[in-house]
Asker: 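Submitted below is the structure of interest, expressed as structure tokens.
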Amino acid sequence: MDDVRVLRDLEYHAADAGALTMDIYQPPDGHGEKPAPAVVIVAGYPDPGFEAVIGCKFKEMGSSVSWGRLMAASGLAAITYTNREPAADVHTLLRYIRRHAGELGIDANRIGLWASSGNVPLALSVLMREGVDFLRCAALCYGYTLDSGGSDAVAEAAGAWGFANPCAGKSVADLPRELPLFIARAGRDELPHLNETLDRFLSGVLSHNLPVTLVNHPVAPHAFDLLDDSETTREIVRQILAFMRFHLLGTRANSPA
């Protein structure tokens with residue numbers, strides 16, 4: 001991970017309110033000879049509000065940096081970014097990445113998404129968009145998903161905590177039928193109604209026979225990759241990396257997790 005190359009604060013969108021930027025974590029042995037598949041770490045909270053509460057932008061959090069370095073050490077470029085309007089800016093980012101893929105050293109047709117917690121509804125909305133055949137997989141960790149069955153728990157959580165919820169009114173039927181999903185569930189997630197909505201989402205995914213890999217960490221709290229220092233957590237991180245590598249690189253080679 002120490003040998004990962006990081007391109008910081010590359011502008012992907014100019015605006016009067018200030019440029020939006022991204023960091024690209026590049027595999028240490030690539031050196032630009034061969035484009036690398038990329039994983040976008042989805043930011044579902046607007047940075048101005050996020051920074052006011054947390055004290056830094058989403059891409060500057062230790063978790064974002066660590067996942068970026070770990071993915072790059074596993075042979076995948078990882079991208080973190082700033083935003084102001086999450087639902088619009090993520091698509092601006094994806095368009096920029098694909099248009100400038102050659103100079104960025106990225107394979108424009110092999111891109112995955114990674115999202116956690118309140119960032120997951122935005123990731124799901126991206127998957128539901130038309131014309132995203134370049135997306136090959138998505139890993140969703142302990143996240144709010146979709147409201148269904150008369151529940152409005154996701155909408156309430158979005159209102160309370162300020163994350164984007166572009167999936168309002170959408171259902172599992174709006175997801176692409178062939179895009180592989182990895183879902184990590186925290187068995188003791190303490191956030192209100194999160195696992196209830198996640199379990200309904202999983203039921204819908206299975207009833208539609210979508211390709212899904214589920215890992216349940218039965219004793220884990222929310223954000224267990226940050227808070228639960230256990231071999232089970234480390235094994236789930238390895239499984240996420242193996243999933244991303246398999247679908248983006250076509251290999252199950254060992255990851256450095």
Asker: With a 4.5 Å cut-off on side-chain heavy-atom distances among I, L, V, M, F, W and Y, is there a chain of contacts connecting Leu214 to Leu127?
Answerer: yes
Asker: Using side-chain heavy atoms (C-beta onward) and a distance below 4.5 Å, is Lys34 in contact with Asp107?
Answerer: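 No, too far: nothing below the 4.5 Å cut-off.
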Asker: Any side-chain heavy atom of Tyr81 sitting closer than 4.5 Å to one from Thr92?
Answerer: no
Asker: For a quick test of reading the model, state the closest non-hydrogen atom pair linking Ile111 to Arg98 and the distance between them.
Answerer: CD1-CG, 4.1 Å
Asker: Would you say Asp225 and Ile236 make side-chain contact, with heavy atoms under 4.5 Å?
Answerer: no
Asker: Report the distance from atom CD of Glu51 to atom OG1 of Thr82, rounding to the nearest 0.5 Å.
Answerer: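 Atom-to-atom, Glu51:CD and Thr82:OG1 are 10.0 Å apart.
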Asker: Does some side-chain heavy atom of Val53 sit less than 4.5 Å from a side-chain heavy atom of Tyr45?
Answerer: no
Asker: Assess whether side-chain contact (heavy atoms from CB on, under 4.5 Å) is satisfied between Tyr144 and Val120, documenting all intermediate values.
Answerer: CA-CA 6 Å; Tyr144 282 104; Val120 169; 5.8 Å; no
Asker: Look up atom CG in Asp133 and atom CD in Glu178, then write down how far apart they are to the nearest 0.5 Å.
Answerer: 9.5 Å
Asker: Would you indicate whether the side-chain heavy atoms of Leu94 and Val126 approach each other to under 4.5 Å?
Answerer: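 Yes - at least one pair of side-chain heavy atoms lies under 4.5 Å apart.
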Asker: So with a 6.0 Å cut-off around CD of Glu103, is the heavy-atom count from everything else above 12?
Answerer: yes
Asker: Hey, what do you get for CG (Leu226) to OG (Ser63), rounding to the nearest 0.5 Å?
Answerer: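 Result: 5.0 Å between the selected atoms.
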Asker: Measure the spacing between CG of Leu179 and CG of Leu135 and express it to the nearest 0.5 Å.
Answerer: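 So the CG of Leu179 and the CG of Leu135 are separated by 6.5 Å.
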Asker: How close do Val215 and Phe182 get, counting heavy atoms only, and between which atoms?
Answerer: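 Reported closest heavy-atom pair: CG2-CZ, 3.5 Å.
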Asker: Run the salt-bridge test on Lys59 and Asp47 with the 4.0 Å N-O cut-off and return the result as yes or no.
Answerer: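 Looking at Asp47 together with Lys59, the answer is no, because their closest N to O distance does not fall below 4.0 Å.
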Asker: Judged by atom type as modelled, is there a donor-acceptor pair below 3.5 Å linking the side chain of Arg69 to the main-chain atoms of Met1?
Answerer: yes
Asker: Which of these passes side-chain hydrogen bond (donor to acceptor under 3.5 Å, both in side chains) with Ser151: Arg200, His193, Glu196?
Answerer: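 Option passing the side-chain hydrogen bond (donor to acceptor under 3.5 Å, both in side chains) with Ser151: Arg200.
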Asker: Side-chain heavy atoms under 4.5 angstrom apart, residues restricted to Ile, Leu, Val, Met, Phe, Trp, Tyr: same cluster for Leu93 and Leu7?
Answerer: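 In one cluster: yes.
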Asker: Do Phe163 and Asn119 have side chains that get closer than 4.5 Å, going by heavy atoms?
Answerer: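 No, side chains not in contact.
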Asker: How many angstroms lie between CG in Leu202 and CG in Leu198, if you round to the nearest 0.5 Å?
Answerer: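 Here the interatomic distance stands at 4.5 Å.
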Asker: Taking all non-hydrogen atoms of both residues into account, name the closest pair between Arg5 and Pro28 and its distance.
Answerer: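 Answer, listing the atom of Arg5 first, then Pro28: NE-O, 4.3 Å.
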Asker: Contact between Leu175 and Leu124 at the side-chain level, heavy atoms closer than 4.5 Å - yes or no?
Answerer: yes
Asker: Would you say the side-chain atoms of Asp147 pair up with the backbone N or O of Ala153, donor to acceptor, closer than 3.5 Å?
Answerer: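 Yes, because the side chain of Asp147 sits within donor-acceptor range (under 3.5 Å) of the backbone of Ala153.
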Asker: Apply side-chain contact (heavy atoms from CB on, under 4.5 Å) to the pair Glu60 and Val65, showing each step before the final yes or no.
Answerer: CA-CA 7 Å; Glu60 297 166 354; Val65 172; 5.8 Å; no
Asker: Could you walk me through whether Thr213 and Leu181 satisfy the side-chain contact (heavy atoms from CB on, under 4.5 Å) test, starting with their C-alpha distance in whole Å, then the side-chain angles of each, then the deciding distance to 0.1 Å, before giving a yes or no?
Answerer: CA-CA 6 Å; Thr213 299; Leu181 300 175; over 6 Å; no
Asker: Whether the side chain of Arg185 engages the backbone of Pro218 through a donor-acceptor N/O pair (distance < 3.5 Å, no angle test) should be reported.
Answerer: no
Asker: Check Arg234 with Asp229, please: is the shortest side-chain N to carboxylate O separation under 4.0 Å?
Answerer: yes
Asker: If you take all heavy atoms of Ile97 and Ile79, which pair is closest and at what distance?
Answerer: CD1-CD1, 3.4 Å
Asker: Would a distance-only check, ignoring hydrogens and angles, find a side-chain to backbone donor-acceptor pair under 3.5 Å from Asn83 to Ala43?
Answerer: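 Here the side-chain-to-backbone pair exists.
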Asker: What's the separation between atom CE in Met244 and atom SG in Cys137, rounded to the nearest 0.5 Å?
Answerer: 4.0 Å
Asker: Let's go through Phe224 and Tyr142 carefully: what are the C-alpha distance in whole Å and the side-chain angles of both, what is the deciding distance for ring pair (Phe, Tyr, Trp, His ring centres under 6.0 Å) to 0.1 Å, and is it a yes or a no?
Answerer: CA-CA 8 Å; Phe224 61 83; Tyr142 46 82; 5.6 Å; yes
Asker: Might you point out which heavy atoms bring Ser125 and Cys167 nearest each other, and give the distance in Å?
Answerer: N-SG, 3.4 Å
Asker: Please say yes or no: joined through hydrophobic side-chain contacts below 4.5 Å, possibly via intermediate residues, are Ile54 and Leu191 part of one cluster?
Answerer: yes
Asker: Is there a side chain to side chain donor-acceptor pair (under 3.5 Å) between Arg188 and Asn195 once you walk through the steps?
Answerer: CA-CA 9 Å; Arg188 293 183 180 173; Asn195 275 349; over 6 Å; no
Asker: Is atom CD of Glu11 surrounded by more than 12 heavy atoms (other residues, nucleotides or ligands) closer than 6.0 Å?
Answerer: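 Yes, because the 6.0 Å sphere around CD of Glu11 holds more than 12 heavy atoms from other groups.
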Asker: Any idea which heavy atoms bring Phe58 and Ser64 closest together, and the distance?
Answerer: O-OG, 2.7 Å
Asker: Tell me, with the steps shown, if Thr80 and Trp67 meet side-chain contact (heavy atoms from CB on, under 4.5 Å).
Answerer: CA-CA 10 Å; Thr80 59; Trp67 271 105; over 6 Å; no
Asker: Please check if the side chain of Asp189 supplies one atom and the backbone of Pro221 the other of a donor-acceptor pair under 3.5 Å.
Answerer: no
Asker: Determine whether a donor-acceptor pair (N or O, by modelled atom type, separation under 3.5 Å) exists between the side chain of Ser74 and the backbone of Leu76.
Answerer: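 No; zero donor-acceptor contacts below 3.5 Å.
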Asker: With the threshold set at 4.0 Å, does a side-chain nitrogen-carboxylate oxygen contact exist between Arg238 and Glu231?
Answerer: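 Here Arg238 pairs with Glu231 in a salt bridge, since their nearest N and O are under 4.0 Å apart.
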Asker: Do Pro166 and Leu122 have side-chain heavy atoms sitting under 4.5 Å apart?
Answerer: yes
Asker: Mind checking whether Val4 and Val40 sit in one hydrophobic cluster, side chains of I, L, V, M, F, W, Y counted as touching below 4.5 Å?
Answerer: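 Different clusters: Val4 never reaches Val40 through Ile, Leu, Val, Met, Phe, Trp or Tyr contacts under 4.5 Å.
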Asker: Consider only side-chain heavy atoms of I, L, V, M, F, W and Y, link residues closer than 4.5 Å, and tell whether Leu20 and Tyr25 are in one cluster.
Answerer: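 They do not share one cluster, since no chain of ILVMFWY contacts under 4.5 Å joins Leu20 to Tyr25.
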